[in-house]
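Since the structure is predicted, the reported quantities are computational estimates derived from the model, not experimental observations. In what follows, chains carry the letters A, B, and so on, assigned in the order in which the sequence lines appear, proteins first and then strands, with residues in each chain numbered from 1.
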There are 2 protein chains.
Amino acid sequence: MDVANLSGVSKSTVSNVIRGAGRVSDATRRRVLDSIEALGYRPNALARDLVRRRANTVGVMVGDLANTFYAGLVKLLEVEASDAAYTTMVCNTDGELALERARVETLLERAVVGVVLLQFSGDRMVLDALRGAQVPAVVVSCHDERVDCVAVDDRAGMSAAVEHLYDLGHRAIAHVSGHLVEDSTRAARAAGYEAAMRKHGLPPRLLSADDWENGDPGAVRRLHELVSGNAGLTAFAAGNDVMAVRLIDQLEAGGLRVPEDVSVIGFDGIELGAHSRIGLTTISQPREELTTRGLELLLDRVRGGSVAAPPRCVTLEPRLIVRHSTAAPRA
Amino acid sequence: MDVANLSGVSKSTVSNVIRGAGRVSDATRRRVLDSIEALGYRPNALARDLVRRRANTVGVMVGDLANTFYAGLVKLLEVEASDAAYTTMVCNTDGELALERARVETLLERAVVGVVLLQFSGDRMVLDALRGAQVPAVVVSCHDERVDCVAVDDRAGMSAAVEHLYDLGHRAIAHVSGHLVEDSTRAARAAGYEAAMRKHGLPPRLLSADDWENGDPGAVRRLHELVSGNAGLTAFAAGNDVMAVRLIDQLEAGGLRVPEDVSVIGFDGIELGAHSRIGLTTISQPREELTTRGLELLLDRVRGGSVAAPPRCVTLEPRLIVRHSTAAPRA
DNA sequence: GTGAAAGCGCTAACAG
DNA sequence: CTGTTAGCGCTTTCAC
């Protein structure tokens, strides 16, 4: 350590002033600080982390960073983690299990202190790997009883969406979901939809968006058929905002107008939904609260070393935002 | 190393099989691999990186991860870097110089092999720090002669935007920019706008979007005034798509219709622009080519160790995508 | 208040 | 083909 020589002290003293640990006389500290400045010395985080046996980095696993809802969460996480003196390592899984496993492995090799799972597949091996390495994890924005998690009450949220539609006078309401929504979340939202439909004695109709997401040319026609044909659908409760927005696209491509001919409601509350041209009615999630509480749970375990304590679960309430993609059905 | 004991070989042999280096007999390799499997051994990347004196991680600096254009770039970078066996460390700078400097410092302490700068401020200190640490950098999506960079020809792109408007019959065309566009890019696009206007002998009009971005209640009125008042603007060439989309919002909030009353063209080619409700005419950037070429330049230096070689610059051509936010001005 | 010594878990020559 | 030997740059007791 060159700084040590220049300031005429030992490595340990330099280390002490850098870490603000131990007692160092003001005079010595000054000298060391000056040497650091003069030499443009930059501590080596790799060496520090090796001896500490952990990098102060938190891993963030996200299914699709291109989904603006998740990009927003990642950004918040990066900022908040950084405020807590942690760096962030973002991994995109593209919703593929193999990638998810590989990325977790990478994070573990790098000795992250903890990992935040956005859009977690629920895979057991991933959880076991984490637990085996004593690395705490928190699932944010979807539920999992095996780990700490903070999420919105998806079930209640989707029920509220249906109630909103019902109150408007809709009876033939379909639920649209697909691979864009992570499994457990999809199930919870579907359950919320079905419960609300059942409550009103209405038959549930579940649709998958995957065909038109893939650009299937017949999709537009089939969608139109669903509305104008025997099914006579008058409203769609989509699994998330991205799907809702694309659904509107497809519907209008088929000559249907939203909300005049058919209503659409989303879930998440992405910014774009607020655009006047879109005006998406939606069930909004409190993003900042999700990330703040999530990081809180994680860092709590990191600092407390209580990796083994039973999982805690924070459930937040989503909020209905009425805009102009929903209206009373035509007479 | 426990794996060494179990398989009855030395640490180095284990290291050799893991790295696939040196010659190891098949029998030995088998045994080692089995032990690794049995013990659930996971190599410690921190230790490896320490002795190699570099983490095989590339740093990515981004101004605003919530901007879908950049989120898309980051995702592509993460995937491509990962394919090349590098992990990614994403840093959000919020466009603040102090944060940018601090984040680069962090990346340097972690001994990243290189850094990709999206939305680079152009700050000299940042560049010096990088150069001083012998860490190569590449600027992606904006220009900087001091570093490797790959970007679209912003000047030509914006000129093309103006030409498109001109061909449609517009003469009173304003350029709208603001803090959402990073400095050097903003300058290049503004220059392209001015050049095209001058070419046709038209007076340039530069507007800042910052007032209505901040939710200034008077902005809508002022905007309306610009169109219906003496200025008589009939078209806006926005600095990027996000601004264009918000501009449409503001315009319509003031009772103006796009494109009937006024035309708007964007820049970037974000996905949302393709939505039928938005239909934004824009100058599109080839995202995948930006990231692929950018990473190529970076890894080239990383592998070649040619940190000092003169900067290379790749300029890509943007492409006009005509949708329905532009039309001929009213008679 | 400060220093000496012993590693963290791995790689990279260099011997054998 | 495999083992031995030095560290990488830092933290952390434990003496002084």
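In plain terms, the two heavy atoms of Gln119(A) and Glu100(A) that are nearest each other are O-OE1, 4.3 Å. The minimum heavy-atom distance linking Tyr70(B) with Ser141(B) is given by the pair CE2-OG, 3.7 Å.
Looking at Ser12(A), its side chain has no donor and acceptor atom pair within 3.5 Å of the base of dT11(D).
Rounded to whole Å, the distance from CG on Leu46(B) to C1' on dC10(C) is 11 Å. In this structure, Ile36(B) atom CD1 and dG9(C) atom C1' are separated by 14 Å, rounded to whole Å. For the pair Asn5(A) CG and dG3(C) P, the interatomic distance rounds to 11 Å; values are reported in whole Å. Between Arg110(B) atom CZ and dC10(D) atom P the separation is 13 Å, expressed in whole Å. Atom P of nucleotide dC8(C) and atom CG of Asp49(B) are separated by 18 Å, given to the nearest angstrom. In this structure, CZ of Arg53(B) is placed 11 Å from C1' of dA12(C), rounded to the nearest angstrom. The separation between Arg54(A) atom CZ and dT11(D) atom C1' is 14 Å, rounded to whole Å. Regarding Lys11(B), its NZ atom lies at a distance of 15 Å from the P atom of dC8(D), rounded to whole Å.
In this structure, the separation between CG on Leu299(B) and OH on Tyr86(B) is 5.5 Å, given to the nearest 0.5 Å.
When distances run from any side-chain atom of Arg19(A) to the nucleotides dT12(D), dG1(C), dC10(D), the shortest one goes to dT12(D). In this structure, of dT11(C), dG9(C), dT11(D), it is dG9(C) that holds the atom nearest to the side chain of Leu50(B). Among dG9(D), dT11(D), dC10(C), the nucleotide with an atom closest to any side-chain atom of Ala47(B) is dC10(C). The side chain of Val51(B) lies closest to dC10(C), out of dC10(C), dT2(D), dG3(C). Proximity note for Ser25(B) (side chain, C-beta onward) versus dT2(D), dC8(C), dG9(C): the nearest is dT2(D). Minimum atom distance to the side chain of Ser10(B) is reached by dG3(D), of the listed dG3(D), dT11(C), dT11(D). Of the candidate nucleotides dC8(C), dT2(C), dT11(D), dT11(D) has the atom nearest to the side chain of Arg48(A).
Along DNA chain D, the nucleotide nearest to Asn16(A) and the one nearest to Arg52(B) differ in position, and the one closer to the 5' end is contacted by Arg52(B). If you find the closest nucleotide of DNA chain D to Pro43(A) and to Asp26(B), the one lying nearer the 5' end belongs to Asp26(B).
Partner of Thr57(B) under the side-chain hydrogen bond (donor to acceptor under 3.5 Å, both in side chains) criterion, chosen from Asp49(B), Thr88(B), Thr87(B): Thr87(B).
Taking 4.0 angstrom as the limit, Thr28(A) places a side-chain polar atom (N or O) nearer than this to OP1 or OP2 of dT2(C). A close approach under 4.0 Å does occur between a side-chain nitrogen or oxygen of Thr13(B) and OP1 or OP2 of dG3(D).
At least one donor-acceptor pair closer than 3.5 Å links the side chain of Ser7(A) to the backbone N or O of Val3(A).
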